[in-house]
2 protein chains.
Amino acid sequence: MVRRFADRDEVITEIGELFREHGYPATSLSLITERTGLGKGSLYHLFPGGKPEMGEAVLTNIHKWFEDNVFLPLIDESDPQTAISHMFEAVTTYFRSGRRICLIGAMALDASRDPFAQRISDYFQRWLETLALALNRAGLLPDDARQLAREIVLGIQGALVLARAIDDDSVFIDEIGRLRKRSLTLPQR
Amino acid sequence: MVRRFADRDEVITEIGELFREHGYPATSLSLITERTGLGKGSLYHLFPGGKPEMGEAVLTNIHKWFEDNVFLPLIDESDPQTAISHMFEAVTTYFRSGRRICLIGAMALDASRDPFAQRISDYFQRWLETLALALNRAGLLPDDARQLAREIVLGIQGALVLARAIDDDSVFIDEIGRLRKRSLTLPQR
DNA sequence: GTTGATTTGTACCGATCAGTACAGAGGCAT
DNA sequence: ATGCCTCTGTACTGATCGGTACAAATCAAC
């Protein structure tokens, strides 16, 4: 008897890290039982829908983190520049300066995409929308705000890919710096 | 008897498309036999090292395509602006305006990365290096050339992730346009 | 035609997969 | 203590996995 009451959120977090390390398709139930210390019975009790439900739970958990720490502040913070600045800090921390991949972005690229297409799209659309709103409130015209929001979100994603591909954090750090500067030098409305 | 002489390059191309669709870890030998029309015996005859050798072959094939169509022109073309412009056209075609993922980038993000880390890194380093060289020849200081090369390569990668995540080609097209413009408006050396 | 080499396809192997069944263990109320 | 519910772990299932063995088919040279 290894564990008595599994903390669902903690299990979801652990599963999420496995998905980041191996990808969703290549993360087996054996890897999950090892990492979490839970037997199969426990896992199926917590996630009766099986592996797909684990995938949904992990994506929901990540989206919630971003909602609380990035998206809502982009909407609610009275000073949009402060909210945007905070977003860069939050993602630098969350993505561990480029050493931790964006699982949702990675899932867009492999066989996970089809089963989770809506969730993947919702997360990115939400990010683009809230960031564009903040940029607009900071002084950009709506079209320019949307374009810059795209540039920022894809820049973060690209920096994560490249940093990992060449094993060099500075790619991520430098790009965050560039995008931060980019968002501060806004044309006047 | 379905095929007599399998064309190795054609088989490599077909396998590469499967890897793009499913990811390397989730592409089974059954999928490969179906797609290529070759039996297992044939596949192991062509790739005695098995699936890892197929992975290597596909990565080598992609790197060669880029070497011939992007990297060497960036070095050899007498007019660097022409070579950079041609690179944007080549990648737009190769990545099908964002509808075809960069397999090497995707492999940086999943469990494929460890076995193929050197190849993945070499490809991106080569791209960065040749592009920086062309940008330098076009007038940028070496450090600025390296930074802009990074911005361009990660921008392309990020655009591929985002375009696929939200199922919108215009993300890729627009970013290529932005990067192209960015590379044309160089500070004078 | 025969022979040898090359290429191909299929049966087989042990291992692993996600999921199922269900007994065992623990906690709580009576 | 007992009974019920919740949570857990393990054995089992059929399917699929990558790889192996090897017979069959094809081709080229003589």
Side-chain angles (χ1 to χ4, degrees), chain A residues 1-60 103 107 110-116 119, chain B residues 1-60 103 107 110-116 119:
Chain A
M1 186 57 75
V2 179
R3 303 173 73 146
R4 179 51 197 156
F5 287 104
D7 180 291
R8 195 169 188 266
D9 277 351
E10 190 182 321
V11 172
I12 289 168
T13 300
E14 286 169 329
I15 294 173
E17 287 305 323
L18 277 176
F19 287 165
R20 286 185 186 86
E21 288 164 30
H22 302 275
Y24 171 83
T27 301
S28 63
L29 270 276
S30 300
L31 284 174
I32 295 173
T33 58
E34 275 170 41
R35 178 64 65 91
T36 58
L38 293 170
K40 287 255 198 96
S42 300
L43 284 175
Y44 278 91
H45 178 79
L46 282 174
F47 307 98
K51 198 177 170 189
E53 188 177 331
M54 294 174 206
E56 297 276 0
V58 167
L59 293 185
T60 299
L103 177 61
M107 285 171 88
D110 70 17
S112 322
R113 185 193 176 235
D114 287 346
F116 301 110
R119 282 188 184 277
Chain B
M1 183 57 72
V2 179
R3 304 172 71 145
R4 179 51 196 157
F5 286 104
D7 180 290
R8 195 169 188 267
D9 278 350
E10 190 182 321
V11 172
I12 289 169
T13 301
E14 286 169 330
I15 295 173
E17 286 307 323
L18 277 176
F19 289 165
R20 286 185 184 88
E21 288 163 30
H22 301 275
Y24 171 84
T27 300
S28 63
L29 271 275
S30 301
L31 284 174
I32 294 172
T33 59
E34 275 170 41
R35 176 66 64 90
T36 58
L38 293 170
K40 287 250 199 103
S42 301
L43 285 175
Y44 277 91
H45 178 77
L46 282 173
F47 307 98
K51 199 176 167 187
E53 189 177 331
M54 295 175 207
E56 298 275 0
V58 167
L59 293 185
T60 298
L103 177 60
M107 284 170 87
D110 70 18
S112 323
R113 183 189 175 241
D114 288 345
F116 301 111
R119 284 191 181 274

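Proteins come first, then strands; the chains are lettered A, B, ... in the order of their sequence lines, and each starts at number 1. Below, all heavy atoms of this structure are taken into account, side chains as well, without hydrogens, waters or symmetry copies.
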Self-check item: Those residues that, when tested against Glu34(A), pass salt bridge (charged side-chain N to carboxylate O under 4.0 Å, His left out) (two or more places apart)
Solution: none
Exercise. Tell me which residues in residues 20-34 of chain A put a heavy atom below 4.0 Å from DNA chain C, sorted by number, or none.
Key: Thr27(A), Ser28(A), Leu29(A), Ser30(A)
Self-check item: Residue pair Ala57(A) / Arg8(A): nearest heavy atoms and the distance that separates them
Solution: CB-NH2, 4.4 Å
Practice problem: Sequence neighbours left out, what passes side-chain contact (heavy atoms from CB on, under 4.5 Å) with Phe116(A)? Give chain and number order. | Solution: Tyr24(A), Glu56(A), Leu59(A), Met107(A), Ser112(A), Ile120(A)
Quiz item: Quick one: salt bridge (charged side-chain N to carboxylate O under 4.0 Å, His left out) pairs with a partner in residues 21-30 of chain B, sequence neighbours left out?
Solution: Glu21(B)-Arg35(B)
Practice problem: Taking the side chain as every heavy atom from C-beta outward, state whether Ile12(B) and Ile15(B) have any pair of such atoms under 4.5 Å apart. | Solution: no
Exercise. Give the nucleotide from the list dT8(D), dT8(C), dT20(D) with an atom nearest to the side chain of Lys40(B).
Key: dT20(D)
Practice problem: Starting from P on dG18(D), measure out to CD1 on Ile15(B) and report it in whole angstrom. | Solution: 12 Å
Quiz item: When you measure from every atom of DNA chain C, which of residues 43-60 of chain A have a heavy atom less than 4.0 Å away?
Solution: Tyr44(A), Gly50(A), Lys51(A), Pro52(A)
Practice problem: Kindly write out the residues that satisfy side-chain contact (heavy atoms from CB on, under 4.5 Å) with Thr33(B), not counting sequence neighbours, or none if the list is empty. | Solution: Lys40(B), Leu43(B)
Quiz item: Taking the side chain as C-beta and beyond, is there a heavy-atom pair between Leu29(A) and Met54(A) under 4.5 Å?
Solution: yes
Quiz item: Taking all non-hydrogen atoms of both residues, which atom of Leu31(B) and which atom of Ala26(B) are closest, and how far apart?
Solution: CD1-O, 3.9 Å
Quiz prompt | Nearest-angstrom distance from the residue atom CG of Asp7(B) to P of dT7(C) | solution = 12 Å
Quiz item: In terms of the nearest nucleotide of DNA chain C, which residue is placed more toward the 5' end: Gly41(A) or Ser42(B)?
Solution: Ser42(B)
